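Quick caveat: nothing in here was measured; it's all calculated off a predicted structure.
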Amino acid sequence: MPGHAHLFRSSRLMAIKAAFGKAPATAMTALGMELDGESLDTIVRAVLRAEHPRGAAPAIPFVPPQPLHEFLKSDTPVAERVRRHLRQQARIFKDYVETIAGSAERVILVDTGWRGTQQLLLEQTYTDREWNGLYFGCIGRAEILGNRPGGMTGLIFDSPQPSPEEPASILAGHRHLIESLFEPNHPSIERVDHADIEAVRDGNQNRIRERRLADPVYDGLSKHIRDHAGDGLSEIGDAYEEALTKLSRMISFPERETVALLAHKPRSLDLGRSGSVAVVLPAKDRHAGDIPSQRISDALWPAGQVALEFGGPRRERMQRRLLKNAVSAPDLQPSVAIITRTKDRPLLLARAARSVAAQSYRNYYWVVVNDGGEPDPVQDILATAPIDPARMLFCSFEESQGMEAASNAGIAASRSDLIVIHDDDDSWERDFLTEAVAFLVEHEDRYAGVITHSTYIAEEIRNGQVQEKERRPFNDWVNSIHLAEMAVANLFPPIAFLYRRALWEQLGGYDESLPVLGDWDFNLRFLMEADIGVLAKPLANYHHRAGTSTGDAYANSDIAARNPHIAYNAIVRNRYLRAAEQSPNHRTLAALMGQAYAQEDIRGRIDRVAGIPERAAHRQGDGTGLRKPGFEDLHRELNHRWTLLHMVVSEIIASRGLRIGVEEMIRQLSGLADEYARTANIRFPAPPSVEEGGRLNKSRPGTAGNGPCARTDKSRALHFAVPEGRHGD
C-alpha cells in the first residue's frame with residue numbers, strides 16, 4: 001500500500017549509531033566486525049566524519065591503539081566526543097523511526113540483501129516492534145553476540161553459496177553485481193538530523209535525489225523495468241529464465257570482455273570511509289610479491305579475477321574448480337591473526353615484517369604489540385612494510401605489560417579463525433602458513449593446533465647487522481606431541497605453533513602472571529583439552545643470540561644476563577602440583593610433572609658426566625668447540641628412548657596398580673639385566689659411533705665399536721643424555 005511505504009534513510013553505520021543508545025555492546029561489537037582490521041584511529045574518524053556535515057569538523061587528534069570498548073570507557077576528550085555524537089544520533093534516529101513507523105506494530109525492510117545486519121541491529125534496538133526483511137537474495141545470516149535477525153525472506157534466492165537446487169543463487173558468486181544494478185550511486189547515510197524528520201512529515205523524502213551522483217547503470221535498469229512493467233507474467237517468466245541462463249554463464253565463466261562489463265561500477269568503502277573498492281584487482285593495484293592465486297582469493301569476484309589472470313582452456317578450467325569449491329566448501333580460507341610482541345628491537349622487527357610479507361598464504365592480519373618500547377621506530381617499520389595496511393594492526397603500551405599480557409592484548413584486539421605468535425626475532429619459510437592452515441583444515445575434527453619442524457639459528461648482532469653463526473634442526477625427532485613429554489620440557493617454540501582461536505578463548509588466554517615460560521604453561525593447558533598435530537617440515541626458524549654488542553634488548557629471554565627460567569620452571573611445576581588437590585583434571589598432569597622433574601634432574605646430573613668424553617675429544621680436536629659428528633644424533637636418539645622408557649614403565653605401574661616408583665622399577669630392571677648378562681655371558685653391542693666406555697669412535701660413521709658395551713656408569717650416562725630442545729619463550 002503506497003501510503004504505508006516510505007524511503008528509509010539508513011545504513012549499517014546509522015543502525016550502529018542508533019543501537020548505541022539502547023544496546024551499546026551490540027553496537028560496538030558490530031562496528032568492530034564491520035571495520036575488522038582497521039586501526040582504532042581509523043574507526044574513530046569514520047564514526048565522527050559526519051559530525052559536522054555542513055562545515056569542517058574540528059581536527060581529531062591521533063588515537064593510539066587500544067581495544068575499542070576500553071577506549072569508549074576512557075575519560076579522554078576524543079572518547080567523550082565519540083560518545084556524545086553516538087548518543088545524539090541515537091536520539092534523533094529514534095525520533096526518525098517513530099515518525100516513519102507511527103503506530104505500526106510491524107516494520108518490513110526492503111533491500112538488496114544480503115545478511116540482515118541492519119535488520120538485526122534495529123531488532124535489538126527497537127524491541128517494541130516486529131521487524132522483517134524482504135531481500136533480493138539472502139546469503140546466510142548475520143550474527144552479533146549470539147543473536148541473528150528474525151524474519152528474512154530472499155525473494156530470488158536464499159543460499160549461503162551457489163547451489164544447484166537454487167539456480168539464481170549463482171549471484172552469490174558476484175553479489176555486488178546486484179547492488180550495482182539496484183542501488184543508486186549516492187553517498188552512504190552517516191547521520192540523520194531534524195530536517196529528515198520534517199521531510200517525512202511533509203511527504204518530501206525524495207530530496208535525497210538532489211545529492212545522488214550520476215549513475216547510468218542504475219538509471220538504465222530503472223528505465224528497463226518501467227518499459228516492461230506492463231508485460232504479461234508468462235512473458236516476464238520466459239525473459240527471466242533466459243536472462244538467468246546467460247547471467248549464470250557470465251558470472252561463473254566470464255571472459256576478459258565480460259569482466260569489463262560486469263565490474264564497471266566500483267563499490268563504495270562506506271561505513272564512514274572515503275574511497276571505493278573494485279570487485280577485481282586491476283594490474284595497477286598489484287604490488288611486489290603478488291601471485292595470481294592470492295589475487296584470485298582476495299578478489300570480490302574470484303571468477304572475474306581468473307579471467308584477468310589467464311586465458312584459453314586454463315581460464316575455464318580454473319573457473320570450474322572455483323565453482324565446484326564454492327558449492328562444496330565455501331569457506332576455504334580461514335583467517336589467521338599473527339601476533340608479534342616487540343620492544344626496542346627495530347632491526348629484528350624489520351626482519352619479522354619481511355617474514356610475514358613473504359607468506360604465500362594471504363588471509364592474515366598482522367598485529368604488532370609495542371610492549372613499552374619507543375613507538376615511532378615500530379610505526380616507521382609498519383609504514384614501509386610491503387603488507388596491505390588494512391591487514392595490519394598496531395597496539396602500543398607506554399609501560400611493558402609482559403610477554404603474555406602483550407600476546408593476550410594483541411589476540412583480543414583481532415578477529416580470526418586461527419592464531420600464531422610470531423616473535424619479533426623469529427622468522428618463517430614462505431609456505432609456513434599455507435601448509436599449516438591446510439593441515440588444520442584437513443584435520444578439522446582431530447587437531448586444535450599444529451606445529452611444524454623448526455630450524456635453530458644461532459646468530460649475533462654486530463655493527464648494526466645480524467650475523468648468522470650456525471643453523472641446525474631443532475627437535476626434529478618430534479613427530480607427535482605427548483602430554484607426558486611436554487611435562488618434561490617445552491618441545492617447540494611459539495613461531496612453529498598455529499592453533500584455533502576457540503582454544504585460546506576456552507583456556508582464558510596466556511597466564512599474564514608468568515614473565516617467562518608462559519608458552520610452556522599454555523601448551524600444557526592446551527594439551528589438557530585438545531591434541532596438537534605435527535607437520536614434519538622445517539618451515540619455522542627459531543633464532544637465538546647468546547650475546548650482542550648492543551645490549552640485552554636483543555638477547556633471548558632464556559639466555560639473557562639473569563635467567564628467570566630456572567625459578568619459574570619450579571613455580572609452574574609447583575602450581576600444577578597444588579592444583580591437583582582441588583581439581584581432578586590436574587591430578588594426572590601433576591603426576592606427570594612429578595615424574596618429569598625426577599627425569600629432568602637425572603638427565604641434568606648425568607649430562608655432566610656424559611660431557612667428560614666430549615670435552616676430552618674437544619681438547620684433542622681442532623679447537624672449534626663444536627661437537628664431533630655423530631655425537632648429537634646419538635644424544636637425541638638416546639634421549640628419545642629414555643623418555644619412552646619412562647612412559648612405558650609409568651603405564652605398567654598404573655595399569656597393574658603397583659606400589660613402586662618409576663625410578664625404582666627402572667633400577668630393578670637394570671639390575672636384573674646386569675645379572676642376566678653376566679650369567680649368560682652376553683656381550684651387548686655398542687651404539688653406533690661410540691666405543692666402550694663412551695669414547696667417540698673414529699671409524700667411519702655407522703660402524704659399531706669393537707668392545708662390549710656392558711652397562712657401566714659412563715655408558716648409562718650416555719643413554720640418559722639431556723635433550724637439546726629445552727627452551728623458554
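For residues 31-40, the set of pairs meeting the side-chain hydrogen bond (donor to acceptor under 3.5 Å, both in side chains) definition, not counting sequence neighbours, comprises Arg12-Glu34, Glu38-Arg273, Ser39-Thr42. Residue pairs meeting the ring pair (Phe, Tyr, Trp, His ring centres under 6.0 Å) criterion with at least one member in residues 27-47: none, sequence neighbours excluded.
Here the rule is side-chain contact (heavy atoms from CB on, under 4.5 Å) with Ile481, and of Ile532, Val450, Asn523 only Ile532 fits it. Test Asp425, Asp423, Asp424 against Thr342 for side-chain hydrogen bond (donor to acceptor under 3.5 Å, both in side chains) and you get one pass: Asp424. The salt bridge (Lys or Arg N to Asp or Glu O under 4.0 Å) with Arg545 is formed by just one residue from the set Glu470, Glu459, Glu460; it is Glu459.
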Please assess His543 against Arg351 for the test side-chain contact (heavy atoms from CB on, under 4.5 Å), listing each intermediate value before the final yes or no. CA-CA 11 Å; His543 297 254; Arg351 179 176 66 187; 3.4 Å; yes
Evaluation steps, side-chain contact (heavy atoms from CB on, under 4.5 Å), between Arg81 and Ile60: CA-CA 10 Å; Arg81 184 172 161 187; Ile60 304 172; 3.6 Å; yes
Step-by-step side-chain contact (heavy atoms from CB on, under 4.5 Å) determination, Val368 to Met392: CA-CA 8 Å; Val368 178; Met392 291 191 294; over 6 Å; no
Before you tell me yes or no, could you show the steps for Thr434 and Gln359 under side-chain contact (heavy atoms from CB on, under 4.5 Å), namely the whole-Å CA-CA distance, both residues' side-chain angles and the distance that decides it to 0.1 Å? CA-CA 8 Å; Thr434 296; Gln359 289 300 291; 5.8 Å; no
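For the residue pair Leu35 and Ala46, the shortest heavy atom distance occurs at CD1-CB, 4.4 Å. The shortest non-hydrogen separation linking Ala357 to Ile387 is CB-CG1, 3.7 Å. Of all non-hydrogen atoms in Asp531 and Arg446, the two that sit nearest each other are CB-O, 4.2 Å. The shortest non-hydrogen separation linking Ala25 to Thr29 is O-OG1, 2.8 Å. Shortest non-hydrogen contact noted between Glu374 and Pro377 is O-CD, 3.4 Å. Here the closest non-hydrogen pair linking Cys395 and Ala413 is SG-CB, 4.0 Å.
A donor-acceptor pair under 3.5 Å is formed between the side chain of Ser74 and the backbone N or O of Phe71. Remark: the backbone N or O of Met403 is paired with a side-chain donor or acceptor of Ser407 at under 3.5 angstrom. Using modelled atom types, no side-chain atom of Asp344 and backbone atom of Gly373 make a donor-acceptor pair closer than 3.5 Å. Between the Arg430 side chain and the Ser360 main chain, no donor and acceptor come within less than 3.5 Å of each other. Panel note: side chain Arg415, backbone Gly32; no donor-acceptor pair is recorded below 3.5 Å. Looking at Asp41, its side chain does come within 3.5 Å of a backbone N or O of Val63 through a donor-acceptor pair. No donor-acceptor pair under 3.5 Å is formed between the side chain of Trp504 and the backbone N or O of Leu418. In this structure, the side chain of Gln305 does not engage the main chain of Ala299 through any donor-acceptor pair within 3.5 Å. In terms of modelled atom types and a separation under 3.5 Å, the side chain of Arg525 and the main chain of Leu507 share a donor-acceptor contact. Formation of a donor-acceptor pair under 3.5 Å by the Asp426 side chain with backbone atoms of Tyr542 is not found in this model.
Taking CD of Glu190 as the reference point, atom CD1 of Ile16 lies at 11.5 Å (rounded to 0.5 Å). How far CG of Leu524 is from CG of Asp519: 10.0 Å, rounded to the nearest 0.5 Å. The distance from atom CD of Gln66 to atom CG of Leu72, rounded to the nearest 0.5 Å, is 9.0 Å. From Phe394, atom CZ reaches atom OG1 of Thr340 across 12.0 Å, with rounding to the nearest 0.5 Å. Taken to the nearest 0.5 Å, the OG1 atom of Thr117 stands 6.0 Å off from the CD1 atom of Ile144. To the nearest 0.5 angstrom, Glu51 atom CD is 12.0 Å from Arg45 atom CZ.
Using bins of under 30°, 30° to 60° and over 60° for the plane-to-plane angle, the ring pair Phe526/Phe497 lands in the perpendicular bin.
The side-chain hydrogen bond (donor to acceptor under 3.5 Å, both in side chains) search around Arg83 returns Glu80, not counting sequence neighbours. Considering only residues two or more places apart in sequence or on other chains, Trp301 meets the ring pair (Phe, Tyr, Trp, His ring centres under 6.0 Å) condition with His174. In terms of the ring pair (Phe, Tyr, Trp, His ring centres under 6.0 Å) criterion, residue partners of His443 (sequence neighbours excluded) are, by chain and number, Phe439, Tyr447. Residues meeting the side chain to side chain contact (heavy atoms under 4.5 Å, CB included) test with Ala540, sequence neighbours left out: Trp428, Phe432, Thr452, Ser454, Ile495, Ala496.
Few gaps surround CD on Glu468; more than 12 heavy atoms of other groups in view lie less than 6.0 Å from it. Around the CD atom of Gln506, the shell of radius 6.0 Å holds more than 12 heavy atoms that belong to other residues, nucleotides or ligands. Annotation: Arg84, atom CZ; neighbour count of heavy atoms from other residues, nucleotides and ligands within 6.0 Å is above 12.
You'll find the side chain of Phe397 reaches within 4.5 Å of the side chain of Val369, heavy atoms only. Looking at His453 and Asn479, their side chains come closer than 4.5 Å, going by heavy atoms from C-beta outward. Using a 4.5 Å cut-off on side-chain heavy atoms (C-beta onward), Arg472 and Thr455 make no contact. The shortest side-chain heavy-atom distance between Pro538 and Asp476 does not fall under the 4.5 Å cut-off. Taking the side chain as every heavy atom from C-beta outward, Phe492 and Val534 never approach each other to under 4.5 Å. For the pair Leu31/Val47, a side-chain contact is recorded, criterion being any heavy-atom separation below 4.5 Å from C-beta on. Arg501 has its side chain out of reach of Asp417: every pair of non-hydrogen atoms, C-beta onward, lies at least 4.5 Å apart. Residues Pro346 and Ile381 meet the side-chain proximity criterion, which asks for heavy atoms closer than 4.5 Å.
Judged by distance alone, the side chains of Asn363 and Ser335 never bring a donor and an acceptor atom under 3.5 Å apart.
In this structure, Glu404 pairs ionically with Arg341, as a charged nitrogen and a carboxylate oxygen lie closer than 4.0 Å.
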